[in-house]
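Throughout, a chain's letter reflects where its sequence line sits, starting with A, and its residues are numbered from 1.
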Amino acid sequence: MNNSANNHKFSLTTPLYYVNGVPHVGSAYTTITADAVARFQRLQGKSVLFITGTDEHGQKIQRTATEENVEPQIHCDRIVDSFKSLWDKLNIKYDRFSRTTAPKHQAIVNEFFDRVWQKGDIYLDRQQGWYCVSCEEFKEERELIEDHHCAIHTNKPAEWRDEENYFFRLSQYQQELEELYQSNPDFIQPASRRNEVLNFVKQGLKDFSISRVNLEWGFPIPVDDKHTIYVWFDALLGYVTALLDPEDEPTLDNALSKWWPINLHLIGKDILRFHAVYWPAMLASAGLPLPTKVFGHGFLTKDGLKMGKTLGNTIDPFDLVDRYGADAVRYYFIKEIELGKDGDFNETRFIEVLNNDLANVLGNSLNRTLGMLKKYCQSNAPQLTSADYGGDHPLKSIGMDLGDRIVQMNNNLQFSQGCEEILNLVRSCNKYIDDSAPWTLFKEGKQAEIEQILYAVLESVRLSAYLLSPIIPDISTKIYQQLGFDWNFNTDRYPQTVDDFLIHSQWGKLAIKQTLDKASPVFSRLELSSEA
RNA sequence: GUCAGAGUAGCUCAGUUGGUUAGAGCAUCGGACUCAUAAGCCGAGGGUCGGGAGUUCAAGUCUCCCCUCUGACACCA
């Protein structure tokens with residue numbers, strides 16, 4: 001392992017969510033995943049900066065606020081509160097919450113704009129064409145249906161507009177981008193998304209407009225206050241603003257001094273292009289280093305169907321976490337859905353997965369073993385180590401290199417497979433217990449054998465809880481506490497240095513407290529609630 | 001329409017460079033046990049591997065055609 005300074009730092013972002021409405025389950029999915037990544041990096045002893053936040057400008061926000069009869073800022077504040085409250089419910093431990101309406105953000109945007117302007121990559125041009133107000137975009141003639149109606153918003157005709165906009169010279173960066181994708185094959189993941197982007201860029205890049213007229217809610221273009229900076233140019237820079245420490249003056253140099261470049265932008269597949277094409281081009285124009293990786297995850301379906309207001313089959317993340325708890329939601333999304341692929345949410349399956357994996361397999365293996373420890377060993381934990389077991393021991397053989405494998409998988413964002421590997425160890429615990437039947441050994445007075453069995457199981461459960469702690473911090477904390485560790489994975493009250501990780505992530509390297517307290521279920525089986 | 005990917009047990013998925021009776025977890029059913037959250041363990045049923053044709057001694061795995069689904073196709077938070 002390389003111990004250079006760079007390898008001890010890790011910065012990552014979720015998208016800055018648009019505050020058009022309260023958070024939906026897709027945002028929760030992204031944020032839960034990002035939180036698991038952040039927690040796993042911290043567990044390995046790295047300094048982590050985990051950024052989330054909100055994008056708050058634009059005409060849609062302005063309109064929504066008008067409908068609510070409040071100032072846009074008031075509307076944004078309300079929505080921001082609901083985001084923060086959901087993240088709290090889900091045990092999301094973010095380090096920065098970046099808002100594009102933050103006062104410091106405008107200074108960063110202006111400075112960045114100036115760099116790109118100086119570079120000559122921004123120019124004023126006339127844009128004319130059919131404009132759909134509902135889409136807030138220009139349409140090609142061929143995209144429109146009869147009488148210049150927008151195909152999406154058939155009730156309103158598109159309007160002919162002839163307006164001046166500022167454009168960013170994206171076309172200048174085609175070659176640079178292609179070289180980036182070539183020399184950094186992992187820059188865009190998963191590979192299927194990467195291919196899409198490659199394909200798209202190969203077709204040739206067109207400059208895109210970065211300003212709008214007739215838009216109040218946003219920052220003015222520094223060189224022309226009749227124009228307002230439009231969407232992405234503003235929003236993406238929220239990642240940079242987020243890097244400022246509270247006491248920092250809002251300058252690019254200050255923002256970029258410590259955490260730049262970002263190691264991971266975790267996003268939904270819908271906004272891949274902005275992060276994988278526009279964003280690196282903008283950064284290149286400003287002469288800044290590029291992020292390490294952009295990962296576009298898949299979407300959620302409900303019972304196999306696309307979620308949407310029209311079908312009325314959306315999942316309310318608040319309701320979900322209120323009914324089932326943070327760990328349950330976190331675990332299902334991360335274990336049951338492969339990141340990068342679309343995944344389905346089905347409530348029956350949700351219950352089944354959680355009851356099996358967390359209650360029957362993980363929780364019960366601890367519970368039954370602590371029960372035996374009390375009955376057969378007066379709750380005195382055997383003080384053994386890995387050296388007391390042969391290499392072919394059914395649990396040690398699995399646990400030996402489990403930590404290393406999980407590091408590899410999690411660093412590749414393969415959390416689902418990682419969970420499966422960990423569960424395999426715990427399932428093996430239950431089989432091992434039944435195969436060796438301590439209750440029979442007890443009748444035969446074989447105390448030493450019992451102790452060897454019980455320690456092996458307890459250590460396997462401990463290791464599993466440790467490796468799962470980025471995903472199910474509440475449950476892992478309960479398990480650790482029942483094993484006599486006064487830890488809490490939801491605070492900083494657990495060891496988190498590189499050396500700690502090397503010990504705790506291995507099987508049989510850690511002494512369990514001598515005397516253990518009574519057991520209590522760490523995850524209660526869920527009932528399928530009978531709602532419509 | 002063009003391009004890309006996918007279609008394997010009821011569900012979620014694994015299936016290496018083609019090679020013995022196609023696997024796992026969950027669900028269902030049966031059995032033996034008791035330390036445990038009626039959990040766990042053992043066992044069973046269940047698949048013409050989307051359809052068709054071809055190459056081959058041999059194809060889920062290669063080739064071609066067809067069907068279905070998903071995504072991208074220029075500014076969709």
- Query: Which is true for L205(A) with a 4.0 Å heavy-atom rule: it touches a base, it touches only sugar-phosphate, or it touches nothing?
  - Reply: base

Under 6.0 Å between ring centres: does that hold for F208(A) and F167(A)?
no

If you measure from the C1' atom in rU34(B) to the same atom in rG25(B), how many Å do you get, rounded?
25 Å

- prompt: What orientation do W117(A) and F113(A) show, parallel under 30°, tilted 30 to 60°, or perpendicular over 60°?
  reply: parallel

To the nearest angstrom, the CD-P distance between E56(A) and rA77(B) comes to 16 Å

Item checked: Nearest-Å distance once atom P is located in both rA53(B) and rG46(B) -> 26 Å

Write down the distance separating the C1' atoms in rG51(B) and rA6(B), rounded off to the nearest Å. 16 Å

Ranking D342(A) and E420(A) by the position along RNA chain B of their nearest nucleotide, the one closer to 5' is E420(A)

In Watson-Crick or G-U wobble terms, with both distances under 3.5 Å, the base opposite rC69(B) is rG5(B)

Sorted by position of nearest nucleotide on RNA chain B, 5' first, the leading residue of W439(A) and E352(A) is E352(A)

Can you find a donor-acceptor N/O pair under 3.5 angstrom joining the side chain of N360(A) to the base of rG40(B)? no

key: rG7(B) phosphate, OP1 or OP2, under 4.0 Å from K341(A) side-chain N/O   = no

Using the P atom as the reference point in each nucleotide, state the distance between rC64(B) and rA4(B) in Å, no decimals.
12 Å

Check: Is the distance from OP1 or OP2 of rA39(B) to the nearest side-chain N or O of R525(A) less than 4.0 Å?
Finding: yes

Any K431(A) side-chain nitrogen or oxygen under 4.0 Å from OP1 or OP2 of rC42(B): yes

H265(A) and F295(A): aromatic ring centres closer than 6.0 Å? no

Within 45 degrees of the axis of the six-membered ring of F415(A) and under 6.0 Å from its centre: does K335(A) put its NZ or CZ there? no

**Prompt:** Between Y278(A) and rA74(B), do the rings stack, that is, sit under 5.5 Å apart with planes less than 30° off each other?
**Reply:** no

>> Can you check the distance between rU56(B) and rC42(B), where both ends of the measurement are the P atom (answer in whole Å)?
In response: 46 Å

Rounded to whole Å, the CZ-P distance (R99(A) to rA77(B)) equals 20 Å

Next item on the list: Could you work out the separation of rU12(B) and rA58(B) based on their C1' atoms and round it to a whole Å?
Entry: 31 Å

### Query
Reckon A235(A) touches a base, only the sugar-phosphate, or nothing at all at heavy-atom distances under 4.0 Å?
base

message: Does the Lys NZ or Arg CZ of K375(A) fall within the cation-pi geometry relative to F442(A) - under 6.0 Å from the ring centre and within 45° of the axis?
response: no

Quiz item: Heavy atoms under 4.0 Å, any strand shown: does N199(A) hit a base, just sugar-phosphate, or nothing?
Solution: sugar-phosphate

If the C1' atom of rG50(B) is compared with that of rC69(B), how far apart are they to the nearest Å? 11 Å

- Query: Y324(A) vs F350(A) aromatic rings, parallel, tilted or perpendicular, using cut-offs 30° and 60°?
  - Reply: tilted

Note to self: For the P atoms, the ones on rC49(B) and on rU20(B), what distance do you get once it is rounded to whole angstrom?
What the structure shows: 16 Å

**Asked** OP1 or OP2 of rC35(B) less than 4.0 angstrom from a side-chain nitrogen or oxygen of Y376(A), does that happen here?
**Response** yes

Here the distance between atom P of rA39(B) and atom OH of Y432(A), to the nearest Å, is 25 Å

Tell me whether the side-chain N/O atoms of K374(A) come closer than 4.0 Å to OP1 or OP2 in rC35(B).
no

Here the distance between atom C1' of rG40(B) and atom CG of L454(A), to the nearest Å, is 15 Å

